[in-house]
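Whatever order the structure lists them in is the order used to number ligands and atoms, beginning at 1.
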Amino acid sequence: MVIESVADEGRTFEPHAAFVQQARISSKEEYDALYKRSMDDPEGFWGELAAQELHWFKPWDKVLQWDEPTVQWFAGGQLNISYNCLDRHLTGARRHKAALVWEGEPGDSVTLTYAQLHHQVCLFANTLKKLGVEKGDRVAIYLPMIPEAAVAMLACARIGAVHSVVFGGFSAESLKGRLVDAGVKVVITADGGWRRGSIVPLKANVDKAVQGTAVESVLVVRRTAQKIDWHEERDYWWHELQQTVSAICPAEPMDSEDMLFILYTSGTTGKPKGVVHTTGGYNLYTHITSQWLFDLKDTDLYWCTADVGWITGHSYTVYGPLSNGATSFMYEGAPNFPDNGRFWQLIEKYGINILYTAPTAIRAFMKWGEDWPGRYDLSSLRLLGTVGEPINPEAWMWYSEVIGAGKGPTPAPIVDTWWMTETGGHMLATFPGAHTMRPGCAGLPFPGVEADVVDREGNPVPVGEGGYLVIKRPWPSMIRTVYGNPDRYRQNYWEQVPGVFFSGDGAVKGENGYFKVLGRVDDVLSVSGHRLGTMEIESALVSHPMVAEAAVVGKPDDIKGEAICAYVTLNEADQDQSQEELIQVLKKHVVAQIGAIARPDEIHFTEQLPKTRSGKIMRRLLRSIASGEEIAGDMSTLEDRSVLDKLRGS
Ligand code: WT7
């Protein structure tokens with residue numbers, strides 16, 4: 001393992017007394033007691049919470065059944081997450097409370113109360129039924145960040161259809177791969193979405209993607225009113241079909257382990273994997289993490305800035321907050337449209353109380369300068385969250401001082417949350433009313449989570465030393481399988497280090513039990529908080545006829561965390577374009593294959609890639625070259641040393 005030991009240094013901060021006083025979990029002792037109970041008696045702990053916090057149509061037989069790597073939570077129990085997010089809030093004071101508050105990029109806005117959201121979801125669910133969607137069928141959602149994205153997810157959940165949300169920034173090719181892998185029957189899209197003043201051509205991408213797949217119908221939401229191609233036999237307008245269906249649609253009782261959704265995420269191979277989440281455990285875990293870590297109150301307006309195309313949007317824009325009866329804010333567009341102050345303007349205009357965003361965004365705000373937030377009244381903010389990558393202490397301090405501190409009645413605590421698509425919900429975190437904050441440290445495990453830092457054999461490494469971050473027992477919202485590929489599930493997560501869940505991150509545990517996450521230890525990049533497999537980008541590059549071979553590595557980047565750096569060898573016959581032209585052609589090609597998030601920042605041409613004698617590309621060396629570091633470590637396996645000198649010159 002190449003991670004060196006990291007000392008537990010740095011400043012610490014305590015949550016403000018006025019915050020602590022009203023916090024849901026308001027002392028370290030309270031957290032410790034919850035944690036201890038969850039470890040000593042996991043079934044009692046989770047069973048009580050499940051009974052107290054969720055509505056069940058039928059009680060479960062057994063809280064936890066663990067037969068590695070297969071887990072069952074609340075087996076025999078029946079519930080519906082859409083019921084828990086909607087129906088149960090309709091009988092009391094929350095009926096006419098805002099569930100979703102939304103603003104579009106052009107400045108239009110919509111508020112949906114719980115009663116209105118329930119009505120929309122029922123219409124949408126009946127529309128899906130009319131299109132032939134049945135329990136267990138897969139439905140893809142390829143929408144902008146508009147209220148209909150949440151409506152569509154809840155509608156699928158309501159009738160037991162499995163949703164697979166695909167981020168609108170992914171290309172037609174990427175969408176197609178997911179449609180095929182999941183065997184999708186219906187695609188829900190829009191005539192476009194607004195992003196930085198332009199229209200994202202979602203429907204045109206769907207038209208390309210569905211060709212040659214099993215997709216039977218495309219349901220189109222009108223958003224931009226731009227002209228789109230129409231296929232009578234397959235395409236339907238949502239605003240037309242909803243006129244033809246009933247608004248009565250009871251929630252389907254689902255088995256606790258029935259599949260809720262598939263969400264694709266990048267791994268170490270060329271093909272993204274379909275992470276499967278099920279109903280009961282996911283509902284409970286996203287519910288309770290939202291409540292305890294965001295300290296959600298009925299009076300809060302809470303904003304998670306992630307797109308619903310990512311797990312963060314699933315768990316913490318839609319399901320977690322709505323299950324709690326909270327008010328969740330959604331924004332369609334870019335943070336710098338029409339200018340760099342858009343987020344702060346939204347916070348002032350709506351009086352947002354809780355903000356959950358990513359370090360990459362914070363670093364961009366830092367670059368844009370304090371003037372932008374300085375123009376707005378941010379005094380409504382009472383809690384700040386961060387997710388997606390390790391937050392550098394500079395960004396943490398800026399977030400705390402410029403956005404959170406002293407602007408409101410009390411300075412806002414910062415809640416760091418480490419988790420991943422596979423974990424479904426927060427795993428390591430700083431409890432806002434109970435924990436000392438340590439900038440750069442994710443924090444302590446959530447109750448029920450047994451986290452550790454180990455070596456390849458699974459032996460705990462000494463405190464203060466780097467190792468692999470693993471989870472030693474199942475938790476309710478954990479990944480159940482990789483869709484259609486149980487072997488990959490077992491190998492990827494339970495066999496890397498035998499018997500424990502392998503996260504793919506490196507970490508260090510301090511004396512105080514805090515975890516500092518160091519980043520990925522596999523061939524996965526974290527670019528602007530998004531996971532991208534190096535193999536995925538390499539496959540996209542070599543799918544271009546001019547490319548013979550490609551190696552992709554990450555390079556530290558001030559804003560994006562990691563920038564994408566590609567080394568490419570070309571097929572000789574095609575070398576008559578200028579280098580600059582070729583670079584542009586290949587960048588465009590990757591964007592068309594995957595999406596704009598995967599556009600390489602740098603492409604270097606080389607005659608040869610550094611390889612071992614057995615022919616493996618030595619990415620470690622390329623990483624050093626890309627970041628301009630001295631090449632250290634063992635080079636005895638390198639086949640041809642002269643390659644390195646040539647690469648340094650490129
Ligand atoms: C990877 C998971 C679910 C969160 C959104 C990304 C990195 C995430 C943190 C954090 C340090 C973090 C890890 C992880 N990561 N949050 N607070 N501190 N690293 O979900 O796309 O599944 O990516 O994001 O490297 O493995 P994802």
- Message: Centre-to-centre under 6.0 Å for Phe343 and Trp303, is that the case here?
- Response: yes
- Query: Sequence neighbours excluded, which residues qualify as side-chain contact (heavy atoms from CB on, under 4.5 Å) partners of Asp522?
  - Reply: Thr268, Arg520, Val524
- Distance flag, aromatic centroids of Tyr285 and Trp73, threshold under 6.0 Å: no
- Output the set of protein residues with a heavy-atom contact under 4.0 Å to ligand 1, ordered first by chain identifier and then by residue number. Ile311, Thr312, Val387, Gly388, Glu389, Pro390, Asp416, Thr417, Trp418, Trp419, Met420, Thr421, Asp505, Val517, Arg520, Arg531
- Parallel, tilted or perpendicular: which describes the rings of Tyr489 and Trp494, with under 30° parallel and over 60° perpendicular? perpendicular
- Ring centroid separation Phe446 to His426 under 6.0 Å: no
- For the rings on His314 and His277, is their centre-to-centre separation under 6.0 Å? no
